[in-house]
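Encoded as structure tokens, the structure appears first; notes follow it.
Both backbone and side-chain heavy atoms feed into the values below; hydrogens, waters and symmetry mates do not. Naming convention: chains lettered A, B, ... in sequence-line order (proteins, then strands); numbering from 1 in each chain.
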Amino acid sequence: MDAFLVWFDDFWAVYSNLILTLGINALLALSIWLTLACGVLALANAAFMGIGAYAGALATMNYDSPFALSLAAAMAAPSLVALAIGLPVLRLGGVYLAMATLGFGEVVRIVILNTDSITGGALGLNGIPQYTQWWHVLLALAIVVFVLARLQRSRTGRAFEAIKVDETAASLMGVDIRAHKLLAFVLGAAIAGLAGALNAHLTFFIGPQEYGFDRGVEILTMAILGGIGSLIGPIIGAFFLTLLPEVLRGLADFRLIVNGFILVAVVLFLPNGLWDPARFRHWFGRRRS
Amino acid sequence: MRFMRSAIVALAVSASAVASQAAEVKIGVAAALSGLAAQYGAAIRNGFELAAEEINAAGGVNGNTIKLVIEDEQGKKEEAINVFKKLIFQDKVLLVFGPTLSNSGAAAHPVAQAAKTPAFATSNTADGITAVGNYIFRNAVTEADVLPVTLKTVVDKAGVKKVAVLYGNDDVFTKSGYDNFAKALKDQNIAVTTTETFAKGDVDFKAQLTKIKASEPDAIVLSALQAEGGPILVQARQLGITQPFVGGNGVNSPKILELAKEASDNLWVGSPWSASNDSPENTRFIEAYKKKFGTAPDQFAAQTYDALHIVAAALKKVELTGDLAKDRAALRDALPDIAWTGATGPFKFRQALDKSGKPAGYDADQQPIVSVTKDGAYQIVK
């Protein structure tokens with residue numbers, strides 16, 4: 001037992017940051033899953049994460065607020081912004097919505113860059129106290145998963161499903177399309193903001209370039225690669241994408257090449273994502289017969 | 001017979017090399033070998049490998065060979081933390097070099113400080129890097145030290161009284177360069193005719209340059225990276241702006257000469273390292289680097305090359321006990337007193353202060369070299 005404890009101490013010292021990042025990335029993947037579950041392709045989650053990260057970090061650094069309050073601020077700020085831009089933007093559909101939300105991400109980045117006196121501009125915020133503990137991330141992930149699982153089985157969740165499959169049919173059944181889309185958008189923003197603040201209080205530093213296009217695509221990839229059919233998919237996708245480069249670290253210079261090959265292979269052979277129960281049943285069934 | 005003897009000597013030498021390999025000093029390197037900062041990471045790795053090879057060929061430090069453990073941190077802050085933790089807790093290195101970018105350093109250095117492991121930054125010029133604590137060192141000369149010297153040289157040599165300022169406001173490096181220029185201009189009482197900005201990825205700077213031309217400055221202070229710096233110089237010369245440009249480290253690279261060709265003339269830059277510096281140490285470094293890697297070194301390679309030599313000099317004064325915590329502390333205690341003359345000239349450490357003015361880590365205390373471009377080459381201003 002003692003030997004195990006020593007081993008675990010060593011393991012935790014090396015990998016604690018990676019494990020907490022797994023949880024935070026899972027939150028991000030779930031935040032975009034929420035809008036995808038509603039058939040809405042919005043790519044503003046990186047920007048919401050940034051707003052949350054800055055709101056949380058500024059609350060902690062400038063107002064010495066307790067961590068819980070900083071996290072609350074980090075969820076409230078992006079939700080309010082999502083509410084404000086959601087009303088006009090969600091009237092768009094498909095690719096046009098994706099473009100508008102990408103544009104919004106750029107706006108957030110430029111605003112952060114040009115408000116140096118508050119956000120530190122291009123230099124970012126430095127020396128954020130490290131408050132995030134493992135149980136904060138675990139608890140946040142557990143609560144979010146629980147809430148989303150309940151939501152999925154509720155009337156609202158069924159409405160999301162209906163909108164995703166056929167918007168016109170859903171509206172004829174009396175589902176308020178705009179209100180439901182807005183709800184998914186705002187809730188997603190709150191989760192992304194929470195993830196942003198947890199990340200900011202883990203890595204001592206945040207800067208505007210972290211929340212740009214690259215991060216947005218990464219979040220989307222995690223959800224899609226994992227599979228958006230259920231809640232488990234995005235979490236698996238986030239874990240997979242975060243762990244893969246670390247597992248392949250031994251390959252040194254070939255790491256990113258192999259990383260890319262594996263991702264292509266996954267997309268080719270598991271087009272519905274890593275978590276695809278129907279395909280598993282298909283494989284399983286074939287093997288038995 | 002003679003052949004036999006030399007063979008025996010060779011055998012004995014290789015045997016002793018094997019024997020000394022029994023004691024290895026592990027030094028970690030966290031560098032951005034992939035991602036957007038990979039161009040710097042490659043030069044950084046080369047500089048370390050060259051220095052390690054030289055030190056080990058010369059018998060190592062106190063009979064121990066130096067073993068580099070090089071890890072890729074992709075220029076991302078999360079990766080930098082992961083790599084620092086791996087190097088410190090898993091590979092159990094004595095000291096960690098890196099990471100490549102200042103932002104990553106801000107995230108990763110607190111890890112090293114908490115683990116009481118010396119961290120040595122070779123390419124991080126931002127303010128506050130060494131404010132983290134007494135285990136943080138750097139030999140990268142900050143822009144805060146270089147730019148005032150560059151500016152003063154231009155004022156003395158070219159008779160500049162008023163300048164226009166042009167900088168990129170969406171990049172850490174160019175923005176902090178601007179902040180330091182602005183402070184130096186104020187300190188030296190140089191009038192600013194106009195301040196213009198641009199963004200990363202811009203290709204047309206004629207609007208800003210026309211305004212600058214109309215304000216009739218004696219010189220133009222430029223805080224830009226290569227990609228924008230090159231076109232800015234070309235377009236300025238096209239518009240008939242003949243005044244000298246004063247640049248930071250971002251435009252201090254042979255790449256600028258390639259990009260701007262003859263338009264790059266009359267660009268003044270300051271740096272701790274210059275390819276045209278013909279000191280014996282630098283000449284030896286450049287020759288050895290070209291021989292090993294087949295390309296010309298840059299400033300990042302020169303700084304890492306010197307950094308490992310500085311650490312080796314400190315290690316010579318440390319008696320390694322095999323107790324990791326003790327050895328790391330001993331190395332930390334030995335480092336601040338090291339003085340070294342390498343590719344970047346005479347070097348020693350200077351105590352840095354944290355935000356509240358208390359002593360923290362150690363910055364570089366080094367005189368920058370100011371050069372001006374002429375006919376496609378850097379010429380040192382004496």
* To do: Could you walk me through whether B:K175 and A:L113 pass side chain to side chain contact (heavy atoms under 4.5 Å, CB included), step by step?
  => CA-CA 10 Å; B:K175 173 67 171 57; A:L113 277 174; over 6 Å; no
* side chain to side chain contact (heavy atoms under 4.5 Å, CB included) between A:R255 and B:Q74, intermediate numbers included -> CA-CA 11 Å; A:R255 156 164 100 130; B:Q74 301 182 345; 3.2 Å; yes
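In this structure, chain B has no heavy atom under 4.5 Å from any part of A:I128. Only the side chain of A:Y15 comes within less than 4.5 Å of a heavy atom in chain B; its backbone stays farther off. Looking at A:Q130, there are no atoms closer than 4.5 Å to chain B (heavy atoms on both sides), in backbone or side chain. Interface remark: A:L123 contributes backbone and side-chain atoms alike to the contact with chain B (heavy atom separation under 4.5 Å).
Listed in order of number, the residues of residues 131-140 of chain A that approach chain B to under 4.5 Å between heavy atoms amount to none.
No donor-acceptor distance shorter than 3.5 angstrom exists from the side chain of B:K77 to the backbone of A:T203, with no hydrogens or angles considered.
A heavy-atom distance below 4.5 Å is found between the side chains of B:V83 and A:R249. Contact annotation: the side chain of A:E210 never approaches that of B:K76 to less than 4.5 Å [non-hydrogen atoms, C-beta and beyond]. Side-chain contact check for A:L18 versus B:E78: every heavy-atom pair is 4.5 Å or farther apart.
Considering CG of B:D179 and CG of A:D116, their distance stands at 7.5 Å, rounded to 0.5 Å.
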Expected list for residues 104-116 of chain B: side-chain donor-acceptor pairs under 3.5 angstrom, two or more places apart:
unit_1: B:H109; atom_1: ND1; unit_2: B:G105; atom_2: O; d: 3.3
unit_1: B:H109; atom_1: NE2; unit_2: B:G98; atom_2: O; d: 3.0
unit_1: B:Q113; atom_1: OE1; unit_2: B:N134; atom_2: N; d: 3.3
unit_1: B:Q113; atom_1: OE1; unit_2: B:Y135; atom_2: N; d: 2.9
unit_1: B:Q113; atom_1: NE2; unit_2: B:N134; atom_2: OD1; d: 3.0

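No hydrogens or angles considered: nothing links the side chains of A:N17 and B:K86 as a donor-acceptor pair under 3.5 Å.
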